[in-house]
Every structure is written in C-alpha cells, then in structure tokens.
Amino acid sequence: MSQRYNKKLSDIQVYFAQPLEDWYEKHHRELPWRETNDPYLIWISEIILQQTRVNQGLGYYNRFIERFPNVATLASANEEEVLKYWQGLGYYSRARNLHKASQMIMADFNGVFPSTYEDVRRLKGVGEYTAAAILSFSANLPYAVLDGNVFRVLSRYFGIATPIDTTAGKKEFKQLADSVLDSDAPGLYNQAIMELGALQCVPISPN
DNA sequence: ATCCTGGAAC
DNA sequence: GTTCCAGGAT
C-alpha cells in the first residue's frame, strides 16, 4: 500500500510521510470505519468520534449503522428514534445535525453523498476537520486533516512552539499540514498521522 | 474572536 | 467541584 513504483518521491515524503505510513501499517488499530470507502459511514464515525473516545464510540457506531445503514434510512427516520440511538453519548445536537444533514442530502444532492469539499462543508455539523477526513478517507482527495493529534505530531516533529489557540498559530499549522501532506496517498497519510498522535505521540509522557 | 457542549479527568 | 477537551457555530 505504501509502496509506489515509477515515481520519484519528494524529500518530505521520504523522511516524514513514508516512515509514518510504514509505522501505521504495522501498528494501527483495526476499526470498522477504516474498512470502508462509503462516505456516509465515515461521516457517521467522524461525528461520533468528535467528542467521544474510540472505545465508547465503537458500540454506538455499530448500532447506529445497523439501524441506519445509509443516507435514505437516516433521513426517513424520525428524530426521536435517531436520538434514542445517541442516548448516553451527549452532545445531542450532533445527532440532530446528522439527521438534518441526511435530509439535506436527499433534498439537495439527490440522495448521493456530496463529493466536493464545499458541498460537504455545507452539511450541518461538518467543519474543516470532518470534511477533510471524509473526503480523504473515502475518495483519497488531498485535504490535510488538522485535529489535536496532528497539531501535536507536527509541533513536536518540526519543533514548532507556536500555540494553536491563536489565529496566527492555526494559520501556521494549516500551511505546514498542507505542505507535508502525502498527496500520493492522502487517506493513508491522514489516518497515519492521527493514529501516531493517538497511540504514540500522546499529550503526556509520550512513548 | 468568542462561545458552546457535557463527559472525562483532575 | 472545577477544569479540560475538541471540534463546530456564530
């Protein structure tokens, strides 16, 4: 998967992206939403995971997609039932937004999950991070994800002390993230950098 | 730039 | 009981 033939790799790919992706291939957790290219399933998983740990989100994800396996079933359900499947997760506006957005996909996109960044961003509850995740994971489009994990990996690897809770800091990291993105394998690369941040490059006493 | 969520961690 | 988190909305 990370081997690419007949193509010259950039220095940043060789020294940053490749080792990262090799590490990922060897150490990543196997999670159901990583086994699919369906943007709907990836979307559901990303919304659940926004403020929820993987361990807790897993059961909710499995139950949710079993009952609502696609946009149409979610859109035609009533809100109370959608909320029932969310019960215990908190941040219930995420579930309401999912439901509303699924109806918007039916109405405005003929039931087909949108495939451009601009359209995906129009879905309620989908910000820059989630749009980049959905499009890179499902369609391998070159959008760099930028979440807490990525901030941490980049700041440590590149020795950047700029705080991320300022406009300038966010801008700096956004540029860096875009410049080191492996455009040959955006989905794999994005998964890899976040997984490293989650498993190894952790906030306190990193491995 | 500021506010918001609500469980988890402290 | 207070603070923290991690994204999105306004």
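Order of the sequence lines fixes the chain letters, A, B, ..., with proteins taken first and strands second; residue numbering starts at 1 for each chain.
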Please table the atom pairs, donor to acceptor, closer than 3.5 Å between any side-chain atom in residues 58-66 of chain A and protein atoms at least two apart or in another chain.
residue, atom, partner, partner atom, Å
Y60(A), OH, Q87(A), O, 2.7
N62(A), ND2, L58(A), O, 3.3

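- A straight line from CG of L146(A) to C1' of dG7(C) spans 11 Å, rounded to a whole angstrom.
- In this structure, Y40(A) has its ring center no closer than 6.0 Å to that of F113(A).
- For the pair L89(A) CG and dG7(B) C1', the interatomic distance rounds to 10 Å; values are reported in whole Å.
- As a whole-Å value, the separation of I48(A) CD1 from dG7(C) C1' is 15 Å.
- One can place CG of D165(A) at 17 Å from P of dT3(C), the figure rounded to the nearest angstrom.
- Summarising the geometry, the separation between CD1 on I164(A) and P on dC5(C) is reported as 10 Å, rounded to the nearest angstrom.
- Considering only residues two or more places apart in sequence or on other chains, R53(A) meets the side chain to side chain contact (heavy atoms under 4.5 Å, CB included) condition with none of them.
- Residues from residues 134-145 of chain A lying near DNA chain C, meaning a heavy-atom separation below 4.0 Å, are absent.
- Whole-Å rounding puts the N55(A) CG to dG7(B) C1' distance at 15 Å.
- One atom, OH of Y92(A), and another, P of dG6(B), lie 8 Å apart when rounded to the nearest Å.
- The salt bridge (Lys or Arg N to Asp or Glu O under 4.0 Å) search around K124(A) returns none, not counting sequence neighbours.
- For R67(A), the salt bridge (Lys or Arg N to Asp or Glu O under 4.0 Å) partners two or more places apart in sequence, or in a different chain, are E81(A).
- Contacts of R34(A) classified as salt bridge (Lys or Arg N to Asp or Glu O under 4.0 Å), with partners at least two apart in sequence or in another chain: E195(A).
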If you restrict it to nitrogen or oxygen atoms, what contacts under 3.5 Å exist between nucleotides 8-10 of chain C and the protein, and what is each distance?
residue, atom, partner, partner atom, Å
dG8(C), OP1, G127(A), N, 2.9
dG8(C), OP1, T130(A), N, 3.1
dG8(C), OP1, T130(A), OG1, 2.6
dG8(C), OP2, Y129(A), N, 3.4
dA9(C), OP1, G125(A), N, 2.5

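- Scanning for side chain to side chain donor-acceptor pair (under 3.5 Å) contacts around T130(A) gives Q50(A), with sequence neighbours left out.
- Under the rule for a salt bridge (Lys or Arg N to Asp or Glu O under 4.0 Å), D108(A) has no partner lying at least two apart in sequence or in another chain.
- Using a cut-off of 4.0 Å between Lys/Arg side-chain N and Asp/Glu carboxylate O, D178(A) and K174(A) are scored as salt-bridged.
- If T166(A) and Q56(A) are placed on DNA chain B by their nearest nucleotide, the residue sitting closer to the 5' end is T166(A).
- Between Y91(A) atom OH and dC4(C) atom P the separation is 14 Å, expressed in whole Å.
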